[in-house]
Asks: 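Okay, handing you the structure first.
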Amino acid sequence: MSQEQSTKTKNFEVAIVGGGIAGLTLAIALYHRKVPITIYEQAPQFGEIGAGVSFSPNAVQAMKICHTGVYQAFEKVCTRNEWPSKSKVWFDYLDGYRGPKDERETQESVFTILSELGQNGVHRARFLDEIVKLVPQDICRFGKRLATITESPDKKLVMHFEDGTTAEADAVIGCDGIKSRVRQIIVGPHHPSAHPSYTHKYAYRGLAPMKDAIAAIGEERAMNSCMHMGPNAHLLTFPVDHGNTLNMVAFKTNSEPWPDPQRLTRRATREDALKDYEGFGPNVMKLLNLTKPELDVWAIFDLGDNPPPTYSKGRLCIAGDAAHATSPHHGAGAGLCIEDSAVMAELLADELVSEPGHLEAVFATFTAERKERGEFLVQSSRFIGDCYEWRAPGIGRDFAKIEAEIIKRNSIISNVDVGKMCEHARSELGKRLDR
Ligand code: FAD
């Protein structure tokens, strides 16, 4: 079934908790398949931070399945490598470090990783602004922070929000991110997967005007995506905002605990970043010098130590980061969120799914179809992040091995047919529903 073919409105109501990339793409996909939905978002409005996010080919396929409008929104705000000769380049990988006796003024590329779509970065907030236009206001409820869920005598799920209000639905899908309340409700508050864990990496994020970046490191490096590798730290850059802005993410690994696990960001300064990158080469230092004097540092948490044992329980389910929050080193976390939305929408829109009694089978199928891929991404992302920092066991600073690992793992993420994934999921659902 495709989004155009489903015509009958379903005899059940679905609640989506959380309106980030996962919740919104799912809402759009379901709304246009005539599945009745309401989104409950804790914030007063939908919003994303002003950083960049890039998408791999699987994510772009999934956008098209969710709804062509999602893909059009992406194309509208997407920025690719600026040089035509780099149109298929995902990242140029550079030796970003300069040892004590190293006199080099620049760092050369040690290998290049290609991708069918090259690099395509979007400014998160602009992408979100575009996809929000596809969501009718009357299905959105703001200021609704989910506290708990109970069941009513007539078998409806009752969501209790922190403002004291309640709302009912036949099924609840938690797209409520890395600290998901719905995940805690599914696995229990004391289960290890109820909370994410710190990966001992943190990241400074910055945006710089492209003209300043070009003045600092030259056109080739500023206008095209680069990964500057080095010991225990790596800096990635790609153009966003139609080439007017350079997006920078500077990662650092250390063994210190994160000061406050309740807060995933802390304040820092440009000086802190420069200190963390001591010994790195001139390009890296010039880029860091373009950041603002006051910076936010983002702790990289994930579900790698304690993956949830299931993504669903009865008519409760989780998708997106709520299910498989990952470190960002494959640049594929949001892409997997959109894949989830495509698969979930195709399952719920299946003609066999017509009444509340079918929803448990939908969510069990979703778990069976999505869990292995979600867990792979989380583990592989940790490993590849360590490769960029010359700390992966058996890989170290061997550039040929790092390149081979990236190619192998990127292929598992990108070289898939998301349409076939959806078809397979629907056929498995058919078995559960005795088709
Ligand atoms: P979120 O964006 O966290 O959205 C969750 C929503 O739920 C929020 O709106 C929140 O307010 C709401 N919410 C939470 N709790 C409640 C509650 N109790 N009640 C009601 N609402 C609630 N991925 C890529 O594909 N490519 C990249 O280049 C990339 N770069 C990244 C760089 C960094 C530094 C990081 C940290 C991540 C990166 N990712 C990337 C991963 C990507 O950002 C995430 O996978 C994605 O944004 C998660 O979307 P989500 O909708 O699942 O969760």
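Each ligand, and each atom within it, is numbered from 1 in the order the structure gives.
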Asks: Do Y388 and Y93 have ring centroids that are under 6.0 Å from one another?
Replies: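 Yes: the rings meet the under 6.0 Å criterion.
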
Asks: Please work out whether any backbone atom (N, CA, C, O) or any side-chain heavy atom from C-beta onward of C175 is under 4.0 Å from ligand 1, and answer side chain, backbone, both or neither.
Replies: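 Near ligand 1, C175 shows its backbone, while the atoms from C-beta on stay back.
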
Asks: Can you name the closest pair of heavy atoms from E168 and K156 and give their distance?
Replies: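 Of all heavy-atom pairs spanning E168 and K156, the closest is OE1-CG, 3.6 Å.
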
Asks: Answer yes if the side chains of K201 and S327 hold a donor-acceptor pair under 3.5 Å, and no otherwise.
Replies: no

Asks: Give the atoms of ligand 1, by number and element, whose distance to some non-hydrogen atom of G335 is under 4.0 Å.
Replies: 25 (O)

Asks: Measure the distances from the heavy atoms of R124 to every atom of ligand 1 and state whether one is below 4.0 angstrom.
Replies: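 It does, in that a heavy atom of R124 comes within the 4.0 Å cut-off of ligand 1.
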
Asks: Check each atom of ligand 1 against the heavy atoms of G320 and keep those under 4.0 Å away; list them by number with element.
Replies: 52 (O)

Asks: Which of the numbered atoms in ligand 1 are under 4.0 angstrom from any heavy atom belonging to V17?
Replies: 19 (N), 20 (C)

Asks: Would you mind running through ligand 1 and noting each atom that sits below 4.0 Å from a heavy atom of G20?
Replies: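 Within the 4.0 Å cut-off of G20, ligand 1 contributes 4 (O), 6 (C), 9 (O), 51 (O).
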
Asks: Counting each atom of ligand 1 from 1 as listed, which ones have a heavy atom of V53 under 4.0 Å away?
Replies: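 Reading through ligand 1 atom by atom, the close ones are 23 (N), 24 (C), 26 (N), 27 (C), 28 (O), 29 (C), 40 (C).
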
Asks: Do K64 and Y71 meet the cation-pi criteria used here (NZ or CZ under 6.0 Å from the six-membered ring centre, within 45° of the axis)?
Replies: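 Positive - K64 is close enough to the ring of Y71 and near enough to its axis.
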
Asks: Of all the atoms in ligand 1, which lie at a distance below 4.0 Å from a heavy atom belonging to P328?
Replies: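 Within the 4.0 Å cut-off of P328, ligand 1 contributes 30 (N), 31 (C), 32 (C), 33 (C), 34 (C), 35 (C), 37 (C), 38 (C).
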
Asks: What atoms of ligand 1 come within less than 4.0 Å of a heavy atom belonging to S54?
Replies: 24 (C), 25 (O), 26 (N), 27 (C), 28 (O)

Asks: Report, in ascending order of atom number, the atoms of ligand 1 lying under 4.0 Å from any heavy atom of G177.
Replies: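 Those qualifying, in numeric order: 3 (O), 5 (C), 53 (O).
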
Asks: Measure the distance from atom 12 (C) of ligand 1 to every protein heavy atom, then report the residue, atom name and distance (to 0.1 Å) of the closest one.
Replies: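 Among all protein heavy atoms, the one nearest atom 12 (C) of ligand 1 is E41 OE1, 3.4 Å.
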
Asks: Would you verify whether the NZ or CZ of R266 falls within 45 degrees of the ring axis of Y202 while also being under 6.0 Å from that six-membered ring's centre?
Replies: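 Because its charged atom sits under 6.0 Å from the ring centre and within 45° of the axis, R266 does stack over Y202.
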
Asks: May I ask whether A203 places a heavy atom under 4.0 Å from ligand 1?
Replies: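 Distance cut 4.0 Å: A203 fails for ligand 1.
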
Asks: Can you check whether F55 and F127 have ring centres sitting under 6.0 Å from each other?
Replies: yes

